[in-house]
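Note sheet for the following structure.
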Number of protein chains: 2
Amino acid sequence: MTRSEENYIKTIFHLGRQGMEAVSTNAIAELMETKPSSVTDMIKKLSEKDLVNYKRYQGVSLTDLGTQTALGIVRKHRLWEVFLVEKLDFSWDEIHDIAEQLEHIKSDKLIDRLDKLLDYPKFDPHGDPIPDKNGDFKERDRKLLSEVEIGTKGVCVGVKDSSASFLKFLDRNHIALGHQIEVLEIEEFDGSLNISINQNNMQISHQIASNLYIKINEQ
Amino acid sequence: MTRSEENYIKTIFHLGRQGMEAVSTNAIAELMETKPSSVTDMIKKLSEKDLVNYKRYQGVSLTDLGTQTALGIVRKHRLWEVFLVEKLDFSWDEIHDIAEQLEHIKSDKLIDRLDKLLDYPKFDPHGDPIPDKNGDFKERDRKLLSEVEIGTKGVCVGVKDSSASFLKFLDRNHIALGHQIEVLEIEEFDGSLNISINQNNMQISHQIASNLYIKINEQ
DNA sequence: ACAAATTTTTAGCTTTGCCTAAATTATTAT
DNA sequence: ATAATAATTTAGGCAAAGCTAAAAATTTGT
Ligand SMILES: [Mn+2]
Ligand SMILES: [Mn+2]
Ligand SMILES: [Mn+2]
Ligand SMILES: [Mn+2]
């Protein structure tokens, strides 16, 4: 598989996660910053190789083979992200672009040894699950902070938006994975929240809350 | 720079090391397993970018810019090789092909952090020197085992041929970097040597001796 | 139901990096 | 010195992966 084919497969995988229907040509083009006509060309090629199901004008979805392929790439991307943070002291906002390159390195042995070096991590630095050798992973039971009710207590376990600008914002405001969060108040007017995080009280916009995942504490 | 451009630059660098004259089109083509006409095409492009000096039919050599570029790629290649051996327990015959991929990853910060993680190694697993951040490195004072006289004592510090088949041969015969070697006899007839290595006596062909570097012991 | 708007595909073109075959230049041998 | 040989370059083409513009199919709004 070429690098470009791998990038398309990965994009279709990510778009296919939310919303269970077939993925649209335009959605792929937008996420990949390319043109719809280019997407159509590539989809045909992927279809030839039995990586996607495709009928003209009907959108596209991954086959089982395509899904396995995607999981392999996602596994590599996330393991390299862990490596960059754990072994090379990168911060979570610097790693995505480098992992975009590293995810295309071809060597099963390499990735399995890396997995071992990192002690078989289950989640990447943004809280996303890492598929194992066989493509299996458990999606963590988590909710967007914007969708829980007043009084909810939980721990911050992930981000939905993992752009550098959002991650840097979280750093500046001392919001990090693993922190305890309690929702104290929800403002009717603009949906902003008053929360306590790590013992500190702060006000965050709906926008922020809708990009933070928490795991609600068992009581 | 594209991956292909980087590979050409690196090849010209390696060919330029031995023999100080300009590198020939055919030599490049052979080493890269491509056709001379393709080489000519690429050389023109590299010449446009001031990475090589080129006059039709006169061969090619790296400019200062080209040399710096090559040193950067070689640095990455060799640091990744050290990583694979030191951190992921690969053997020295498995690492070259993976490093061929990793050497093209673009991130200065990544490579400097890797350098630090590995504690700034000076040589790669095959005994080749690793250029530092600025492209500086010291060529170790070493000689081919086939070119020293009877009675010479030294330590094995590198291999000339680093193909997997040669390296595996060395493993099978318990020849490794760091081992003490003494030349006991040289057979006139076929140039084979009787040596002691790590206290053991063995007979090695001229072919083998001409691919092993030793550093002669100070006396 | 049908026109308008949107989405998707097709057609044709570009660049990169490679190829083969033919032409050119340099080198070697007589 | 010239002919043969070898090395190198040029010419012309191909496949991958992108693009723009135009055509076709689908979806939406009235
Ligand atoms: Mn990422
Ligand atoms: Mn991530
Ligand atoms: Mn190597
Ligand atoms: Mn090496």
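Just so it is clear, the values below take in all heavy atoms, side chains as well, and ignore hydrogens, waters and symmetry mates. Naming: A, B, ... by sequence-line order, numbering from 1 per chain.
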Checklist entry - At under 4.0 Å between heavy atoms, what does A:Thr25 touch on the DNA or RNA strands: base, sugar-phosphate, or nothing? => result sugar-phosphate

Next on the checklist: Can you list everything that forms a side chain to side chain contact (heavy atoms under 4.5 Å, CB included) with A:Glu187? Sequence neighbours excluded, please.
Outcome noted: A:Phe189, A:Asp190, A:Ser192

Listed pairs under 3.5 Å, donor-acceptor, residues 24-43 of chain B side chains, sequence neighbours left out:
from: B:Ser24; atom 1: OG; to: B:Ala27; atom 2: N; distance (Å): 3.0
from: B:Thr40; atom 1: OG1; to: B:Pro36; atom 2: O; distance (Å): 3.2

Item to check | Length of the CD1-C1' vector between B:Ile28 and D:dT9, whole Å | outcome: 14 Å

Checklist entry - Going by the ring-ring contact (aromatic ring centres under 6.0 Å, His included) test, which pairs reach into residues 110-129 of chain B, not counting sequence neighbours? => result none

Checklist entry - What's the CG-C1' distance between B:Asn26 and C:dT27, to the nearest Å? => result 13 Å

Next on the checklist: Just to verify, what does A:His77 make a ring-ring contact (aromatic ring centres under 6.0 Å, His included) with, not counting sequence neighbours?
Outcome noted: A:His96

Item to check | Protein-nucleotide distance (A:Glu5, atom CD; D:dA15, atom C1'), rounded to Å | outcome: 12 Å

Checklist entry - Under 3.5 Å, is there a donor-acceptor pair between the side chain of A:Glu5 and the main chain of A:Thr2? => result yes

Checklist outcome for this item: d(A:Leu62 CG, A:Leu46 CG) to nearest 0.5 Å is 9.0 Å

Item to check | Closest listed nucleotide, where the reference is the side chain of A:Asp41 and the choices are C:dT8, D:dT8, D:dG18 | outcome: D:dG18

Next on the checklist: Heavy atoms only, 4.0 Å cut-off, all strands: where does B:Ser4 land among base, sugar-phosphate and nothing?
Outcome noted: sugar-phosphate

Item to check | A:Phe83: ring-ring contact (aromatic ring centres under 6.0 Å, His included) partners, not counting sequence neighbours | outcome: A:Trp80, B:Phe83

Checklist entry - Could you state the CG-C1' distance from B:Asn7 to C:dC18, rounded to the nearest angstrom? => result 14 Å

Checklist entry - Residues from residues 29-39 of chain A sitting under 4.0 Å of DNA chain D, heavy atoms only? => result A:Thr34, A:Lys35, A:Ser37, A:Ser38

Item to check | Where at least one partner belongs to residues 90-105 of chain A, residue pairs that pass salt bridge (Lys or Arg N to Asp or Glu O under 4.0 Å), sequence neighbours excluded | outcome: A:Lys10-A:Glu100, A:Lys10-A:Glu103, A:Glu94-B:Lys109

Item to check | Value in whole Å for how far the P atom of C:dT8 lies from NZ of A:Lys44 | outcome: 14 Å

Scan the side chains in residues 165-172 of chain A for donor-acceptor partners under 3.5 Å anywhere in the protein, sequence neighbours excluded, and list what turns up.
from: A:Ser165; atom 1: OG; to: A:Ser163; atom 2: OG; distance (Å): 3.4
from: A:Asp171; atom 1: OD1; to: A:Trp92; atom 2: NE1; distance (Å): 3.1
from: A:Asp171; atom 1: OD2; to: A:Trp92; atom 2: NE1; distance (Å): 3.4

Checklist entry - Rounded to whole angstroms, how far apart are OH on A:Tyr8 and C1' on D:dA16? => result 11 Å

What protein N or O atoms touch nucleotides 22-28 of chain D N or O atoms at under 3.5 angstrom, if any, and at what distances?
from: D:dA25; atom 1: O4'; to: A:Tyr57; atom 2: OH; distance (Å): 3.3

Checklist entry - Between C:dT9 atom P and A:Leu46 atom CG, what is the distance in whole Å? => result 13 Å

Next on the checklist: Distance check needed: C:dT9 P versus A:Met42 CE, whole Å only.
Outcome noted: 15 Å

